[in-house]
Amino acid sequence: MPFNPDQIPSRFDFQAAQSRLYQNWLKQGYFHAEPDPQREPFTIVIPPPNVTGALHLGHALNNTLQDIMIRMKRMQGFNALWMPGTDHAGIATQAVVEKRLREEEGKTRHDLGREALVERIWDWKQQYEKRILGQLQQLGCSCDWDRTRFTLDENCATAVRFTFHDLFDKQLIYRGKRLVNWDTFLQTAVSDDEVVSRTVQGHFWHFRYPVIDPLPGEPEYVQVATTRPETMLGDTGVAVHPDPEGALLKFTAELEDKIAKANPADVETLKTELDATKSRVSAMLPKLLQLKAMADDGRTIRLPLMDREIPLVTDSWAKPELGSGCVKITPAHDPNDYEVAKRCELPMINIMNTDGTLNAEAGTYQNLTMKQARKQVVADLEQLGLLDETEDRQIELPHSDRSKTPIEPFLADQWFIRMDSLAQSAMDAVSDHRVRITPSRYEKGYLDWLAEKRDWPVSRQLWWGHQIPVWSLPCPTEQDCETARQTVLALDGYDESEVSIQTEPCHETDESKRTQLGLPLATIHVCIKQEGSPLEDQLVAAGFQREEDVLDTWFSSALWPHSTLGWPRPTPELNTFYPTNVLITSRDIITLWVARMVLAGLNNMGEVPFHRVFIHPKILDGYGETMSKSKGNGIDPLDVIDKLGADALRFGMADLTTETQDVRMPVQFECPHCEHSFDQTKKNRELGRVDCPKCKQPFSTQWSKTEEDLSLPRGLVLSERFERARNFINKLWNASRFAMMNLEGYQATTITPEQLTVEDRWILSRLTTVSQNVSQSLEQFRYADATRELYEFAWNEFCSFYVEMLKDRFADEQQRPHAQRMMAFTLDCLLRLLHPITPFITEEIWLLLANLCPERGFDTVQKATDSIMVADWPELNPAWQDNEIEQQFSLFQSTLAALREIRSRQNLAPKKQIRFSIRCHSELTDLIKPMGLFFSSMAAADLEEISDQVTPPKINATVALPNMEIFVDLAGLIDVAAESKRLEKEQARLLGMIAGKEKQLANEKFVNNAKPEVVAQAQASLAQIREQLKTVAEALSDLETLK
RNA sequence: GGGCGGUUAGCUCAGCUGGCUAGAGCGCCACGUUGACAUCGUGGAGGUCGUUGGUUCAAGUCCAAUACCGCCCACCA
């Protein structure tokens, strides 16, 4: 069947096109990259999405930006590889599966056991990995799917084992007792990064601890206060400041300083506060000094309920200005107390089991949960008359980001990575710009974070993840240690490079205490490099026990850029594609992920993992809040794809990606019943269902949870901010459609310069500039600049002018062939420039175009590639850039605008042909004359005369442009009132400008100091404006005669 | 408490190294549909560029202070 351009629908049917085109790209293998010594590689590794969830708007943004980059590079001839994959996301994934297990089967992970649970999670992973990768494909991502990896797959496992062994061998990994953030719900330690602070309503309890054998005149009690009374069961001391007086002076001085700097409005309250503190404190001071002296004497306190004798110690942690000035010390359950205990050598008593219940150390409170214990402790203390006071108070409480439950600090065995040298190496890489972060302001956060060089706790009490490859044996005596070491060395197949041994001495250094507690002298840890090595079983047989914990997810993520390419095997891929070129990610994981990739890459590969890092903005909702599942305020990118198309989503995303700031995106619901669209508010988003304000019917959204809600028709969640992109796609489609309707009989030949008309030369000049700017913008991650450049060029120049001007030329048999060739060529270039951003529509048009003009070109004519994906990136001849032509054109454009304006303000019917003349200098005449016909076609205005001698018609409307005057003959048409109103306004504007310019030029300093060209410019423009004013004044006085 | 962003039209945002009359999209007003596009066309209204000071011949742009909004980090028993 012959191709019939008239049959092309006036809307781009993206629904049908997207999957058809994408499947073809897959089939052709366009996404696949093989190592090739002939071509320069360009590599991006994807930030692997979690297998937990579905694609959200952040993913859509992140992956759109990567795809734009990789598609451009591919077209530029690079051997472009976009490495895809997913992350096992330890805690997140296990938590989801456990939750389902509990809800659907009423079972815990312990009912299932390790192996069975892990198997379940793998099932989950298979399902969700498929889903999220499918969604990336809907977005158009050109990843090399043949290489898809998973952070828990075999190769990643090997990479993890090798890395762990290497660090272990370098003594950069150790086990130690640490206070960790314990999530009692998930029963795991979570890193500091996974802890968020939340304000909750709580109480502040004041207790009294009796002093043992107080001397006469000494206080009988010390008062302490806490928001967590149950922790008192683990108290091992009470601290008071070593120099209360000095500390108080310092505190009041600071407060006074603050008052001096404060707003007048706040001074009063601050002063009151100061006075109150001063009087309170001066009353307390004697007692504090007394307590300090008692502490120095080694006096002790009786811990109520536990009946334990605990010391009174001095430590500057106890702030005299706060509360009673005394603070209870619970080393095993509070980070600050832990530090105090280390300084003051206090014992550490862990009172909690891993499930959040109390252990034997809590005496009679054993088996209560922390929460129950709290109530009980308070009640018991009250009964003993030791509860002084209870305040209501807002408390900042750390919560687990995963389970949203309060964190219980907890003393536990954990594995750590020593960050010292590793962190330094990662800092150096950014400081000396081997890795460049864009925008550069994010370098500071990266460097500051690493500079703390805090050891990285890497063990997680989970089952889903890379199990730590360490086998341990506690050894009660030195002899046992030696035997254990000999056992390891004597293992069948022992190899120094495969096996590494560490001895961890007991943390309790006091010999008698150690034996009393039944602790071993040391623990021997053995790390084995190869997974499944026969050595593993031998170790177990020798009594060694494998470490139960798995590694922090970020451990495997840190290896992503090289593990995905095959490391530790020496693959051609690794050779070719490492280091990668660009990493595109969001700012919240600069430290968690980016920094760790850099140090891991340096450690394992001896080279940075990527040269450039681009941090993209965050998308917020209309209220400036982050979009999140729990708030239910997100936009579903799939809804956008569904309703507006993937190209619109992508174009919109790129259009929002400016360097300076995060993006606000008001959210709208679209009612599935009546298609009414209305804003998402804080109120209507709360519920799992939404009621349409227009038709009053309820519908569900992507956030609905309950069965009942889900059974309702599903409404779309969109944002009007994508409409600009949607409209643009439509414009592009229709311009292309118009082109194709006029390309019948197209004959491919080269184009020669002498065939070019003014508008041809103009569009070529603009096209050249635009292509340069687009390349440059994208190279610098200025995505919004690139989309804006293309938007404006395509719409305001190509469609509004060039296409309009081609209309007449298509109609003329003589000009038609050349016009067709120009149209085909220009459109071809524009499509290629747009392809990385809007891949689907550009490919669809590209394929349709091939039916009419399979061969296109300018200097040379070539057969177009089968797909735009593999076409060359436009590199246009810079010689086409022509300033003069562009100026000539803008003169034409302003003339046209002036004519249209007259038409509009005189209310002339669109079809009503008018006549006009132009008075200007002869050099301008030559520029305008060739454009004469276009005034007729584009403004229904015929140019009667153009010269420096034009006499205005008797009755006319005038526009005074710089250096030229336009007169429209309005005999019998004029609306005098409208005309004089307009002219008066114009006159006022010109007078204002003249005044400004005159003032500037009268300023000697300006004339003397400003650059000469700036001064000359000002003078010229003043002269011009005066000319314009003259014209306007004349026109006004002419109008007077008509009144 | 420390750090970083933002504050420009009713809304969402551009505005690079300071220099002609501060821009865009949406929204608003007026007019317009026998063939590319009403997801459109033409024209218009709408801004003391958060505030105060400073540098400069010249400040939305540079500097300082300040207010408000947001984010990150560290945090009070």
Side-chain angles (χ1 to χ4, degrees), chain A residues 6 8 10-12 192 197 204 224-228 231 239 263 317-319 322-324 326-330 334-337 395-396 398 439 441-442 444-445 448-449 452 587-588 590-591 617-618 620 622 624-626 644 648 655-656 658-666 719-721 723-742 782 784-785 788 791-792 799-800 803 807 897 900-905 907-911 938-939 962 989-990 992-993 996-997 1000 1003-1011 1013-1015 1017-1018 1020-1022 1024-1025:
Chain A
D6 292 331
I8 301 172
S10 68
R11 299 278 155 83
F12 171 44
D192 290 346
S197 193
F204 196 48
V224 294
T226 181
T227 54
R228 297 189 303 152
T231 61
N263 263 3
W317 166 240
K319 306 273 182 289
L322 289 172
S324 66
C326 293
V327 58
K328 63 193 263 314
I329 304 297
T330 319
D334 183 282
N336 294 304
D337 293 4
I395 305 165
E396 288 291 314
R441 71 185 114 99
Y442 291 112
K444 188 173 161 49
D448 288 352
W449 185 81
E452 290 184 28
R587 93 172 95 80
D588 35 350
I590 294 174
T591 52
K618 202 168 176 170
L620 311 170
E625 296 179 9
T626 40
L644 308 171
D655 201 36
L656 297 173
T658 59
E659 207 176 83
T660 45
Q661 62 182 326
D662 291 343
V663 174
R664 264 182 206 227
M665 182 168 280
S719 175
E720 64 196 7
R721 297 205 62 189
E723 277 169 24
R724 169 178 151 94
R726 187 267 315 261
N727 295 351
F728 176 70
I729 301 287
N730 179 257
K731 189 73 181 176
L732 179 68
W733 178 258
N734 278 290
S736 308
R737 177 167 167 252
F738 171 77
M740 289 187 273
M741 291 164 91
N742 286 284
R782 299 161 65 112
D785 284 358
R788 267 156 223 194
Y791 180 97
E792 275 161 27
C799 291
S800 295
V803 170
K807 282 179 177 172
R900 285 170 168 170
E901 194 203 324
I902 291 172
R903 296 196 65 105
S904 173
R905 74 174 193 254
N907 229 340
L908 301 175
K911 294 274 148 54
M938 296 176 77
R989 190 180 70 94
L990 292 172
M993 281 171 59
K997 286 269 176 268
Q1000 189 180 32
N1003 185 342
E1004 270 179 48
K1005 288 182 182 168
F1006 169 69
V1007 178
N1008 295 334
N1009 293 332
K1011 279 178 273 178
E1013 62 266 31
V1014 173
V1015 178
Q1017 176 69 52
S1021 119
L1022 176 61
Q1024 231 172 52
I1025 299 164

* Structure fact -> Between Ala225(A) and Lys328(A), the two heavy atoms sitting closest are O-CD, 4.4 Å

* **G1(B): pairing nucleotide in any strand, Watson-Crick or G-U under 3.5 angstrom** => C73(B)

* Asked: Where the side chain of Arg587(A) is defined as all heavy atoms beyond and including C-beta, which of C71(B), C20(B), G43(B) is the nearest nucleotide?
  -> C71(B)

Close N or O pairs between protein and nucleotides 75-77 of chain B (under 3.5 Å):
unit_1: C76(B); atom_1: OP1; unit_2: Asn336(A); atom_2: ND2; d: 2.2
unit_1: A77(B); atom_1: OP2; unit_2: Arg393(A); atom_2: NH1; d: 3.4
unit_1: A77(B); atom_1: O2'; unit_2: Ala225(A); atom_2: O; d: 2.8
unit_1: A77(B); atom_1: N6; unit_2: Lys319(A); atom_2: O; d: 3.2
unit_1: A77(B); atom_1: N6; unit_2: Leu322(A); atom_2: O; d: 2.3
unit_1: A77(B); atom_1: N1; unit_2: Lys319(A); atom_2: N; d: 3.4

* Of the non-hydrogen atoms in Ile1025(A) and Leu990(A), which two are nearest, and what is the gap between them? -> CG2-CD2, 3.7 Å

* Asked: Does C20(B) pair with anything, Watson-Crick or G-U wobble, both distances under 3.5 Å, and if so, with which nucleotide?
  -> none

* Determine, step by step, whether Asp6(A) and Met740(A) satisfy the side-chain contact (heavy atoms from CB on, under 4.5 Å) criterion, reporting the C-alpha distance in whole Å, the side-chain angles of both residues, the deciding distance to 0.1 Å, and the verdict. => CA-CA 8 Å; Asp6(A) 292 331; Met740(A) 289 187 273; over 6 Å; no

* Asked: P atom, C71(B) versus C29(B): distance in rounded Å?
  -> 36 Å

* If you pin Glu723(A) and Asp588(A) to their nearest nucleotides in RNA chain B, which one's is more 5'? -> Glu723(A)

* **Pairwise P distance for G44(B) and C49(B), with rounding to whole Å** => 24 Å

* Closer than 4.0 Å, any side-chain N/O of Thr658(A) to the OP1 or OP2 of A14(B)? -> yes

* Given atom CD of Glu720(A) and atom P of C26(B), what is their separation to the nearest angstrom? -> 11 Å

Anything under 3.5 Å between a protein N or O and an N or O of nucleotides 34-40 of chain B, put it in a table, one pair a line.
unit_1: A36(B); atom_1: O3'; unit_2: Arg737(A); atom_2: NH1; d: 3.3
unit_1: A36(B); atom_1: O2'; unit_2: Asn734(A); atom_2: OD1; d: 2.7
unit_1: A36(B); atom_1: O2'; unit_2: Arg737(A); atom_2: NH1; d: 2.6
unit_1: A36(B); atom_1: N7; unit_2: Lys807(A); atom_2: NZ; d: 3.4
unit_1: A36(B); atom_1: N6; unit_2: Glu804(A); atom_2: OE2; d: 2.9
unit_1: A36(B); atom_1: N3; unit_2: Asn734(A); atom_2: O; d: 3.1
unit_1: A36(B); atom_1: N3; unit_2: Ala735(A); atom_2: N; d: 3.2
unit_1: C37(B); atom_1: O4'; unit_2: Asn734(A); atom_2: OD1; d: 3.1
unit_1: C37(B); atom_1: O4'; unit_2: Asn734(A); atom_2: ND2; d: 3.4
unit_1: C37(B); atom_1: O2'; unit_2: Asn730(A); atom_2: OD1; d: 2.8
unit_1: C37(B); atom_1: O2; unit_2: Lys731(A); atom_2: NZ; d: 2.9
unit_1: C37(B); atom_1: N3; unit_2: Lys731(A); atom_2: NZ; d: 3.1
unit_1: U39(B); atom_1: O4'; unit_2: Asn727(A); atom_2: OD1; d: 3.3
unit_1: U39(B); atom_1: O2'; unit_2: Asn730(A); atom_2: OD1; d: 2.5
unit_1: U39(B); atom_1: O2; unit_2: Arg726(A); atom_2: NE; d: 3.4
unit_1: U39(B); atom_1: O4; unit_2: Arg11(A); atom_2: NH1; d: 2.9
unit_1: C40(B); atom_1: OP1; unit_2: Asn727(A); atom_2: ND2; d: 3.2
unit_1: C40(B); atom_1: O3'; unit_2: Lys731(A); atom_2: NZ; d: 3.4

* Sticking with atom P, work out how far G60(B) lies from U7(B), rounded to a whole angstrom. => 15 Å

* To do: For C49(B), give its Watson-Crick or G-U wobble partner with both distances under 3.5 Å, or none.
  => none

* In whole Å, what separates the C1' atom of C4(B) from that of C76(B)? -> 25 Å

* **Rounded distance in Å between the C1' positions of A64(B) and C26(B)** => 38 Å

* **Nearest heavy atoms of Ala735(A) and Cys799(A), plus distance in Å** => CB-SG, 3.6 Å

* To do: Starting from P on G23(B), measure out to CG on Asp785(A) and report it in whole angstrom.
  => 18 Å

* To do: Would you verify whether the NZ or CZ of Arg726(A) falls within 45 degrees of the ring axis of Phe12(A) while also being under 6.0 Å from that six-membered ring's centre?
  => no

* **Arg724(A) side chain to Asn727(A) side chain, donor-acceptor N/O pair below 3.5 angstrom** => no

* Structure fact -> Between CD1 of Ile590(A) and P of C4(B) the distance, given in whole Å, is 14 Å

* To do: Can you tell me the distance, in whole Å, between the CZ atom of Arg788(A) and the C1' atom of C26(B)?
  => 13 Å

* Arg724(A) CZ - A14(B) C1' separation (whole Å) -> 10 Å

* To do: Please state how far atom CD in Glu452(A) lies from atom C1' in G2(B), giving the value in whole angstrom units.
  => 11 Å

* Structure fact -> Taken to the nearest whole Å, CE/Met665(A) to C1'/C11(B) is 14 Å

* Across all strands shown, which nucleotide pairs with C62(B) by Watson-Crick or G-U wobble geometry, both distances under 3.5 Å? -> G54(B)

* Structure fact -> Re A14(B): Watson-Crick or G-U wobble partner, both distances kept under 3.5 Å, found to be none

* To do: Starting at atom OH of Tyr442(A), determine the distance to atom C1' of C72(B), rounded to an integer number of angstrom.
  => 10 Å

* **Nearest-Å distance once atom C1' is located in both U42(B) and A38(B)** => 13 Å

* Structure fact -> Here the pair of heavy atoms bringing Met938(A) nearest to Ser800(A) is CE-O, 3.5 Å

* Asked: Rounding to the closest angstrom, what is the interatomic distance between U12(B) and G47(B) at atom C1'?
  -> 16 Å

* **Ring-face cation of Lys807(A) near Phe738(A) (centre distance under 6.0 Å, axis angle within 45°)** => yes

* Could you check Trp733(A) against Arg11(A) for side-chain contact (heavy atoms from CB on, under 4.5 Å), going step by step and ending with a plain yes or no? => CA-CA 7 Å; Trp733(A) 178 258; Arg11(A) 299 278 155 83; 5.5 Å; no

* **Nucleotide paired to C68(B) in any strand shown, Watson-Crick or G-U, under 3.5 Å** => G6(B)

* Quick one: look up who C40(B) pairs with, Watson-Crick or G-U, both distances under 3.5 Å, and put none if it's unpaired. => G32(B)

* Whole-Å C1' distance, C11(B) and C16(B) -> 26 Å

* Between atom CG of Asp655(A) and atom CG of Asp785(A), what is the distance when rounded to the nearest 0.5 Å? -> 10.0 Å

* Structure fact -> What one should report as the nearest heavy-atom pair of Thr231(A) and Thr226(A) is OG1-OG1, 4.4 Å

